[in-house]
Amino acid sequence: MFQLLNNDNLQVAIIGGGPGGLASAIALSALPNVEVTLYEKARELREIGAGLNIGYNSWRVLELLGARHEVNGHLIDEVQQRNGIDGALLKKRGPSALPVKYQSRRVRRTRLQRALLNQVPAGIIHLRKELTSIEDVPKGGANLKFSDGTVAFTDLVVGGDGIRSVVRQTAFPDHNIKFTGTTIWRTLVSRSLISYIPDVPTCTSWWHGTAGHVYFSPVDDPSETDEKDQLIEISARFLVDPETDNAKRWSWGVPTTNENVESHFTSYDPRVREALSKVPKDNWKEFSAFAGPRLNELHAWNKLVLIGDASHPLTGAFGSGAAFAMEDGWILARSIEYVFSTSANETSTFLKTDRLKKVVEIFDEIRSPYYARMYEHLDNMKARFAGISGTFESRLQARVSAFSEGGLDWIYQNDIERVWKDWLENKSNPTAIQEGGSFVSPSL
Ligand SMILES: Cc1cc2nc3c(=O)[nH]c(=O)nc-3n(C[C@H](O)[C@H](O)[C@H](O)COP(=O)(O)OP(=O)(O)OC[C@H]3O[C@@H](n4cnc5c(N)ncnc54)[C@H](O)[C@@H]3O)c2cc1C
């Protein structure tokens, strides 16, 4: 049974209302005696950034959060890889062999956010609350300080405040992120605006150039959106050398002009240029990608834990960053439930602070090795591509082949509930699945 000593509630403060923060709020508020408050710096929870991939890993965690029924989106039944310069089709793949309900879909970010928000109990989210610093209270808990001058006490801090995390910066002041060289421009346009352009509006397609690509995908399912209201996502990437770059960079969605975006893709196939030229004015948002080294631990002070982008500033999130963030939130809730129920009968000297120490350690034991594996994979891919030389066409072919060869089921087929069950089984049979002292789910 889940129990706290002296009927004392466990106060959990979540910083940030992105997919990680919202998933944590849903999973944690389902636990008895846990008092959840979510602090978000924005005036309103308004998603920007166009679309998101929702694959098996996301569907599973959305099921666990009770939010999957509200998420639909475009069924990715065809993906084309093209040479973006001459338009040649390099590779085409159809739907996966998974049951339809678990197949990948491209979803409007706003719809994922709404589905999550609808599951968060009323009164938990506090907007216009920008965290500025955290003070560790030695006897237990922490004081959160906000830009409006207010202070709030909490037992456990959950840092879900994204890539530029104040929580991470407070706990790990020596950790730094920097611009990776990739700029991303994103928008959603009415499908009717570009429906006449051959090969662009009907399926998910990647048009690769010499220093970037342009991506198109529908984001709506006909069952949820009338044809006249359906949108197409356009996401365009351009890479510069980060060592020589000195332009001002933002990590999250600032407006930019059509001329700026189009100027980076003038050598592309006419179909791509035509589609870009149809984007209405003031519709583009510019994102600069930031990344940093892996953190050895996702927790600090025995009372602070990092989730989502705050915890793993990767150079590439495999189109699954939102899934990772939601999985983190769900695993954190399981860790709390486990510790507070299994230690319910321990002596009264086993304090809330001791239990929280165990909670953050379990969370870290499960999630750190997973992120370590991602960092390792990205390093391997970088080394592999650095070794590819030849013409643009031959290098592109090699990249497309590498990305199509699979081997990432441990990400895309991750079932977070299975991971948790494996961890529980491992607890009762600790010699069964140890790899380098870390927990690795045997299902992967
Ligand atoms: C261009 C682009 C394309 C992407 N495409 C995909 C994709 O296809 N699929 C996918 O799964 N992922 C994708 N991602 C990644 C995905 O968006 C992130 O991994 C995901 O949003 C991480 O969720 P999060 O909750 O950790 O952080 P975020 O979504 O960044 O949310 C952090 C929240 O914290 C708030 N906050 C920040 N600082 C403070 C503070 N000091 N005080 C209070 N609140 C604060 C912010 O306002 C924000 O609401 C993409 C990202 C980018 C930039």
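Keep in mind the model is a prediction, meaning the values are calculated, not measured. Both counts, for ligands and for their atoms, begin at 1 and track the order of listing.
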Which atoms from ligand 1 have a heavy atom of Gly321 less than 4.0 Å away? 10 (C), 11 (O), 12 (N), 19 (O)
Atoms in ligand 1 with a heavy atom of Gly308 nearer than 4.0 Å: 26 (O)
Counting only heavy atoms, which portion of Leu45 has something under 4.0 Å from ligand 1: side chain, backbone, both, or neither? neither
Heavy-atom proximity to atom 29 (O) of ligand 1, picking from Ala289, Gly162, Pro19, points to Pro19
Which bit of Val166 gets closer than 4.0 Å to ligand 1, counting heavy atoms only: side chain, backbone, both or neither? side chain
Between Ile184 and ligand 1, find which residue part has any heavy-atom pair under 4.0 Å and reply side chain, backbone, both or neither. side chain
Could you state the interatomic distance from OG1 (Thr257) to CG (Asp282), rounded to the nearest 0.5 Å? 9.0 Å
Checking contacts here: is it the side chain or the backbone of Arg128 that comes within 4.0 Å of ligand 1, counting heavy atoms only? Could be both or neither. neither
Per-atom filter on ligand 1: closer than 4.0 angstrom to a heavy atom of Glu130 are 41 (N), 42 (N)
Option nearest atom 19 (O) of ligand 1 (shortest heavy-atom distance, choices Asp309, Thr183, Ile15, Asn53): Asp309
How far apart are the closest heavy atoms of Ala13 and Tyr39, and which atoms are they? CB-CE1, 3.8 Å
When you look for heavy atoms under 4.0 Å from ligand 1, do you find them on the side chain of Tyr39, its backbone, both, or neither? backbone
Between the candidates Ser288, Gly17, Gly20, which shows the shortest non-hydrogen contact distance to atom 25 (O) of ligand 1? Gly20
Looking only at heavy atoms, is any part of Ala325 under 4.0 Å from ligand 1, and if so is it the side chain, the backbone, or both, or is it neither? side chain
Under a plain distance cut-off of 3.5 Å, with no hydrogens placed, do Lys41 and Ser147 share a side-chain donor-acceptor pair? no
Is the closest side-chain donor-acceptor distance between Ser223 and Asn72 under 3.5 Å? yes
Taking every non-hydrogen atom, the tightest pair across Ile362 and Ser335: CG2-OG, 3.7 Å
All N/O donor-acceptor pairs, side-chain side in residues 88-104, below 3.5 Å, sequence neighbours left out:
unit_1, atom_1, unit_2, atom_2, d
Ser96, OG, Leu98, N, 3.3
Tyr102, OH, Glu63, OE1, 3.1
Tyr102, OH, Glu63, OE2, 3.0
Gln103, NE2, Ser96, O, 3.1
Gln103, NE2, Leu98, O, 2.8

Assert yes or no for the condition that the ring centre distance of Phe265 to Trp207 is strictly below 6.0 Å. no
Pick from Gln169, Arg186, Glu40, Glu286: the one approaching atom 3 (C) of ligand 1 most closely through a non-hydrogen atom: Arg186
Ala322 heavy atoms, cut-off 4.0 Å: which ligand 1 atoms fall inside? 10 (C), 11 (O), 12 (N), 19 (O)
Using a 4.0 Å heavy-atom cut-off, which part of Arg109 comes near ligand 1: side chain, backbone, both, or neither? side chain
Please verify the inter-ring angle class for Trp185 with Phe238; under 30° counts as parallel, over 60° as perpendicular, anything in between as tilted. tilted
Counting heavy atoms only, which of Asp328, Ile163, Leu52 is nearest atom 12 (N) of ligand 1? Leu52
Could you note down all residue pairs passing salt bridge (charged side-chain N to carboxylate O under 4.0 Å, His left out) where residues 133-142 supplies at least one of them, sequence neighbours left out? Asp136-Lys303
Side-chain donor-acceptor pair under 3.5 Å between Tyr56 and Asp409, yes or no? no
Which of the numbered atoms in ligand 1 are under 4.0 angstrom from any heavy atom belonging to Lys129? 42 (N), 43 (C)
